[in-house]
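What follows is a single structure, written as structure tokens, with notes after it.
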Amino acid sequence: MRTGRGLCVSAVFCLAAMATGVEAQAVEAYDGFYFGAGAASQNVWGGSFVDGIDVLAQDRRTVVELTGGWRKQFGWFVAGIEVQLGFLDGQLTHTDPADTLSIHYDGNRQSGFGLTVGGVLGTRHPTLLFAYAFETTRNFDVVIQDGSRLLRQRDEQGFLRYGIGAETRLVGRVGLRGTVGAYRVDFGELTTNIDVGGEMEYTLAFVVQLGG
């Protein structure tokens, strides 16, 4: 009988310890270092300066993104920093047959860094809802054929990406993240041939939470 009671007591303690561990894991589900990989649908544009006008070409492209960051969870509140590296098909072209103008933009990479802030809902299956803001840069090599003139330029861009997202755990430390957002670009006092604003972007990625 003593042995039976001892086993029962031990089992109760084991179950309590397991429950406490699960609860602690849920509470700190989004704490520490993490990395991820996914794909984004974004508006991509290239620019060139021709006769006082910033001549732009744009198209929606798929961007493969690698991310890494660190975040800290305080109860339900989560805040962190993140860096990104994206790879894309940045081959864009602007043509104007009437002016015998042809411009080719060549870019295949972008990078960014920024902040994420959000909150965790639930304990058994914790889901992180967050907002983000990333300063992003792209570079393009530009070749301009303007009549008999052949010009080469370098287009260096900097713009703000922002939006909202959600992340949930799938298996173990692996989670799924989705975001939807927009961007803000400022051309200053330059005159542009088109408007690149108003496009939404969407991202779907797998994220591995390392902790620590």
Side-chain angles (χ1 to χ4, degrees), residues 30 34-50 52-71 78-95 103-119 127-144 153-168 175-207:
Y30 300 97
Y34 64 92
F35 69 89
S41 176
Q42 299 178 5
N43 187 37
V44 176
W45 65 90
S48 58
F49 196 65
V50 181
I53 298 178
D54 195 356
V55 182
L56 307 174
Q58 66 175 335
D59 194 11
R60 179 167 289 276
R61 298 292 170 87
T62 297
V63 181
V64 177
E65 284 190 328
L66 304 178
T67 63
W70 178 85
R71 50 197 175 192
V78 180
I81 57 176
E82 183 172 306
V83 294
Q84 302 173 332
L85 180 62
F87 303 91
L88 64 146
D89 176 13
Q91 300 288 332
L92 302 172
T93 302
H94 170 85
T95 57
I103 306 174
H104 299 277
Y105 309 85
D106 182 13
N108 57 19
R109 187 176 300 177
Q110 68 182 34
S111 60
F113 67 93
L115 303 175
T116 60
V117 178
T127 298
L128 173 63
L129 304 180
F130 63 94
Y132 67 87
F134 299 128
E135 181 67 23
T136 304
T137 60
R138 294 190 187 122
N139 295 314
F140 288 85
D141 293 319
V142 184
V143 178
I144 304 169
Q153 296 180 358
R154 179 76 168 173
D155 180 29
E156 298 181 354
Q157 305 175 0
F159 56 97
L160 179 68
R161 295 169 57 199
Y162 60 92
I164 58 175
E167 183 179 331
T168 187
L176 182 66
R177 170 194 283 192
T179 68
V180 58
Y183 58 88
R184 180 181 182 275
V185 56
D186 185 7
F187 292 98
E189 298 181 355
L190 293 177
T191 301
T192 61
N193 61 319
I194 58 175
D195 183 11
V196 301
E199 296 286 339
M200 301 296 292
E201 64 174 44
Y202 310 94
T203 303
L204 189 64
F206 291 100
V207 179

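Residues take their numbers from the sequence shown, with the count starting at 1. Hydrogens, waters and symmetry mates play no part in the numbers below; they use all other heavy atoms, side chains included.
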Pair F130-T179, side chain to side chain contact (heavy atoms under 4.5 Å, CB included): steps then yes or no: CA-CA 9 Å; F130 63 94; T179 68; 3.8 Å; yes

Trace of the side chain to side chain contact (heavy atoms under 4.5 Å, CB included) decision for E156 with T137: CA-CA 7 Å; E156 298 181 354; T137 60; over 6 Å; no

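- Rounding to the nearest 0.5 angstrom, the gap separating the OG1 atom in T62 from the CG atom in D89 is 9.5 Å.
- Of all the heavy atoms in G46 and L92, the pair that sits closest is N-CD1, 3.6 Å.
- Using a 4.5 Å cut-off on side-chain heavy atoms (C-beta onward), T203 and V63 make no contact.
- Heavy-atom contacts from other residues, nucleotides or ligands closer than 6.0 Å to CZ of F113 number 12 or fewer.
- Judged by the 6.0 Å distance and 45° axis criteria, R71 is positioned over the aromatic ring of Y34.
- To the nearest 0.5 Å, the span separating OG1 on T168 from OH on Y30 amounts to 5.0 Å.
- Across F187, W45, F134, a single residue satisfies ring-ring contact (aromatic ring centres under 6.0 Å, His included) together with F159, and that is W45.
- Side-chain contact, Q91 with D106: a donor N or O sits under 3.5 Å from an acceptor N or O.
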I81/L115 under side chain to side chain contact (heavy atoms under 4.5 Å, CB included): CA gap, chis, key distance, verdict: CA-CA 5 Å; I81 57 176; L115 303 175; 3.6 Å; yes

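- Under the 3.5 Å distance criterion, the side-chain polar atoms of R60 are matched with a main-chain donor or acceptor of S41.
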Chi angles and distances behind the side chain to side chain contact (heavy atoms under 4.5 Å, CB included) call for V44, Q110: CA-CA 10 Å; V44 176; Q110 68 182 34; 5.5 Å; no

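- Put simply, the side chain of S48 gets close to the backbone of V55: a donor and an acceptor are under 3.5 Å apart.
- A salt bridge does not link R177 with E65: none of the charged nitrogens is closer than 4.0 Å to a carboxylate oxygen.
- The line from CD of E189 to CG of D54 is 13.5 Å long, rounded to the nearest 0.5 Å.
- For the residue pair D155/Q153, the side-chain donor-acceptor check at 3.5 Å is not satisfied.
- A donor-acceptor pair is defined here as one N or O able to donate and one able to accept, closer than 3.5 Å; such a pair exists between the side chain of N193 and the backbone of L56.
- In this model, no donor atom of one side chain and acceptor atom of the other lie less than 3.5 Å apart for E199 and Q58.
- Between the CZ atom in R61 and the CG atom in L88 there is a gap of 8.0 Å [rounded to 0.5 Å].
- T136 OG1 to Q157 CD: the interatomic distance, rounded to the nearest 0.5 Å, is 10.5 Å.
- Note: T93 OG1 to Y105 OH = 8.5 Å, rounded to the nearest 0.5 Å.
- Other residues, nucleotides and ligands contribute only 12 or fewer heavy atoms inside 6.0 Å of the CD1 atom of I164.
- Surrounding CZ of R184 are at most 12 heavy atoms belonging to other residues, nucleotides or ligands under 6.0 Å away.
- In this structure, the side chains of V142 and F49 stay at 4.5 Å or more apart for every pair of heavy atoms.
- Nearest approach of H94 to A57, heavy atoms of both residues: CB-CB, 4.1 Å.
- For the residue pair L66 and A37, the shortest heavy atom distance occurs at CD2-CB, 3.8 Å.
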